[in-house]
Enquirer: 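Have a look at this one.
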Amino acid sequence: QVKLVESGGGLVQAGDSLRLSCVTSERTFSSNAMGWFRQAPGKEREFVATINWTGGSTYYEDSVKGRFTISRDNAKNTVYLQMNSLKPEDTAVYYCAARLAMGWGVRRDQYMYWGQGTQVTVSS
């Protein structure tokens, strides 16, 4: 069973930055595409960003393009989400997810494993 553990969430003000981290126990992490999703209260879990197995290809949801950056360090089995210029509408629980594939994906059903989530709250 692959275990994903997110960290780095918190309470910040609009315009601030946060960096989320997700560490996986999976020793084949470097072969898995990874993604970040988020879920705000009363809303569906939505795609945020994804990265392929090498880190050479990424894709973002439109509302975070230019503000968020996904990256990975395969030597540390870790994927990151750098979030800049945060807005109140970014408030959500952020989840890390792992695919059993090398190419990135934007749908929840493309991901096999999920972390427990980390809360990000942005005040205005």
Side-chain angles (χ1 to χ4, degrees):
Q1 181 72 18
V2 175
K3 183 178 180 181
L4 305 174
V5 180
E6 302 99 333
S7 63
L11 172 62
V12 297
Q13 294 187 331
D16 285 351
S17 298
L18 279 175
R19 188 176 81 156
L20 305 183
S21 299
C22 172
V23 180
T24 174
S25 62
E26 176 55 57
R27 57 193 173 105
T28 62
F29 169 80
S30 60
S31 298
N32 302 122
M34 302 293 293
W36 286 96
F37 289 74
R38 65 186 180 186
Q39 187 167 17
K43 295 187 176 181
E44 294 284 321
R45 191 172 300 188
E46 65 175 7
F47 165 76
V48 176
T50 182
I51 189 166
N52 75 335
W53 68 291
T54 65
S57 180
T58 59
Y59 187 78
Y60 299 90
E61 192 271 328
D62 285 346
S63 69
V64 307
K65 284 180 181 177
R67 299 189 299 122
F68 290 11
T69 302
I70 188 171
S71 62
R72 64 191 297 159
D73 184 338
N74 287 347
K76 296 182 178 179
N77 284 3
T78 303
V79 63
Y80 304 97
L81 185 67
Q82 177 67 44
M83 305 186 296
N84 298 329
S85 302
L86 282 161
K87 304 176 181 180
E89 51 264 43
D90 295 319
T91 295
V93 177
Y94 283 71
Y95 296 91
C96 170
R99 294 197 71 197
L100 293 180
M102 295 182 178
W104 52 253
V106 300
R107 301 195 317 268
R108 287 181 296 171
D109 64 0
Q110 293 177 307
Y111 290 81
M112 177 65 70
Y113 302 107
W114 294 82
Q116 82 290 346
T118 185
Q119 177 71 47
V120 172
T121 303
V122 184
S123 64
S124 57

Enquirer: Starting from L100, can I reach L4 by hopping between I/L/V/M/F/W/Y residues whose side chains sit under 4.5 Å apart?
Expert: yes
Enquirer: So how far is it from N32 CG to M112 CE, rounded to the nearest 0.5 Å?
Expert: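 Here the rounded value is 10.5 Å.
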Enquirer: Run I51 and Y60 through side-chain contact (heavy atoms from CB on, under 4.5 Å) and show every step you take.
Expert: CA-CA 9 Å; I51 189 166; Y60 299 90; over 6 Å; no
Enquirer: Quick check against the 3.5 Å criterion: does E6 have a side-chain atom that pairs as donor or acceptor with the backbone of Q116?
Expert: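 Here the side-chain-to-backbone pair exists.
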Enquirer: In this structure, would I70 and L18 fall into the same cluster of hydrophobic residues linked by side-chain contacts under 4.5 Å?
Expert: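 In one cluster: yes.
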Enquirer: Measuring from atom CZ of F68 to atom OG of S85, what distance do you get when rounded to the nearest 0.5 angstrom?
Expert: 9.0 Å
Enquirer: In terms of hydrophobic clusters joined by side-chain contacts under 4.5 Å, are F47 and L20 together?
Expert: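 Different clusters: F47 never reaches L20 through Ile, Leu, Val, Met, Phe, Trp or Tyr contacts under 4.5 Å.
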Enquirer: Rounded at 0.5 Å granularity, tell me how far CD in Q39 sits from CD in Q119.
Expert: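 Taking CD in Q39 and CD in Q119, the distance rounds to 10.5 Å.
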Enquirer: Looking at OG of S31 and CZ of R99, how far apart are the two atoms once the value is rounded to the nearest 0.5 Å?
Expert: 13.5 Å
Enquirer: Within 45° of the ring axis of F37 and under 6.0 Å from its six-membered ring centre, is that where the NZ or CZ of R108 lies?
Expert: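 That pair does not qualify as a cation-pi contact.
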Enquirer: Report the distance from atom NZ of K76 to atom OG of S30, rounding to the nearest 0.5 Å.
Expert: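 OG of S30 is found 15.5 Å from NZ of K76.
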Enquirer: Within this structure, what is the CG-CE distance for the pair N77 and M34, rounded to the nearest 0.5 Å?
Expert: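 Spacing of CG (N77) from CE (M34) equals 9.0 Å.
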Enquirer: On a heavy-atom basis, which atom in S17 and which in N84 lie closest, and how many Å separate them?
Expert: OG-OD1, 2.9 Å
Enquirer: Say whether, by atom type as modelled, one donor and one acceptor occur between the side chain of N52 and the main chain of S57 under 3.5 angstrom.
Expert: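 A pair under 3.5 Å: yes.
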Enquirer: Please report the shortest heavy-atom distance between D73 and Y80, naming the atom on each side.
Expert: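 Smallest heavy-atom distance, with atoms named: CB-CE1, 4.1 Å.
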Enquirer: Can any side-chain N or O of T118 pair as donor or acceptor with the backbone N or O of Y94 at less than 3.5 Å?
Expert: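 Side chain of T118 to backbone of Y94, a donor-acceptor pair under 3.5 Å: no, none is there.
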Enquirer: Using a strict threshold of under 4.0 Å (side-chain N to carboxylate O), is an ion pair present between D90 and K87?
Expert: no
Enquirer: Checking the side chain of S25 only, and the main-chain atoms of K3 only, is there a donor and an acceptor separated by less than 3.5 Å?
Expert: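 Yes, because the side chain of S25 sits within donor-acceptor range (under 3.5 Å) of the backbone of K3.
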Enquirer: What's the verdict on side-chain contact (heavy atoms from CB on, under 4.5 Å) for V64 and R38, showing C-alpha distance, side-chain angles and the deciding distance?
Expert: CA-CA 12 Å; V64 307; R38 65 186 180 186; 4.0 Å; yes
Enquirer: Is K43 atom NZ crowded by more than 12 heavy atoms from other residues, nucleotides or ligands, each under 6.0 Å away?
Expert: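 Counting neighbours around NZ of K43, 12 or fewer heavy atoms of other residues, nucleotides or ligands fall under 6.0 Å, so no.
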Enquirer: Minimum heavy-atom separation for M83 and L86, please, with both atom names.
Expert: CB-CD2, 3.8 Å
Enquirer: Are F29 and Y95 joined in one hydrophobic group, where the rule is that I, L, V, M, F, W and Y side chains link up if heavy atoms are under 4.5 Å apart?
Expert: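 No, F29 does not connect to Y95 through the hydrophobic network.
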Enquirer: For a side chain to side chain donor-acceptor pair (under 3.5 Å) with T50, tell me which candidate from W104, Y111, W36 qualifies.
Expert: Y111
Enquirer: Treating Ile, Leu, Val, Met, Phe, Trp and Tyr as nodes and any side-chain heavy-atom pair under 4.5 angstrom as an edge, say whether L81 and Y113 lie in one connected cluster.
Expert: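 Yes, L81 connects to Y113 through the hydrophobic network.
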Enquirer: Please say whether more than 12 non-hydrogen atoms of neighbouring residues, nucleotides or ligands are located less than 6.0 Å from OH in Y59.
Expert: no
Enquirer: Which atom pair, heavy atoms only, marks the closest approach of P88 to S124?
Expert: CG-CB, 3.8 Å
Enquirer: Between R72 and T54, does a side-chain contact (heavy atoms from CB on, under 4.5 Å) hold up when you go through it step by step?
Expert: CA-CA 8 Å; R72 64 191 297 159; T54 65; over 6 Å; no
Enquirer: Minimum heavy-atom separation for G9 to V120, with atom names?
Expert: CA-CG2, 4.1 Å
Enquirer: Please lay out, stage by stage, how R45 and W114 fare under the test side-chain contact (heavy atoms from CB on, under 4.5 Å).
Expert: CA-CA 12 Å; R45 191 172 300 188; W114 294 82; 3.3 Å; yes
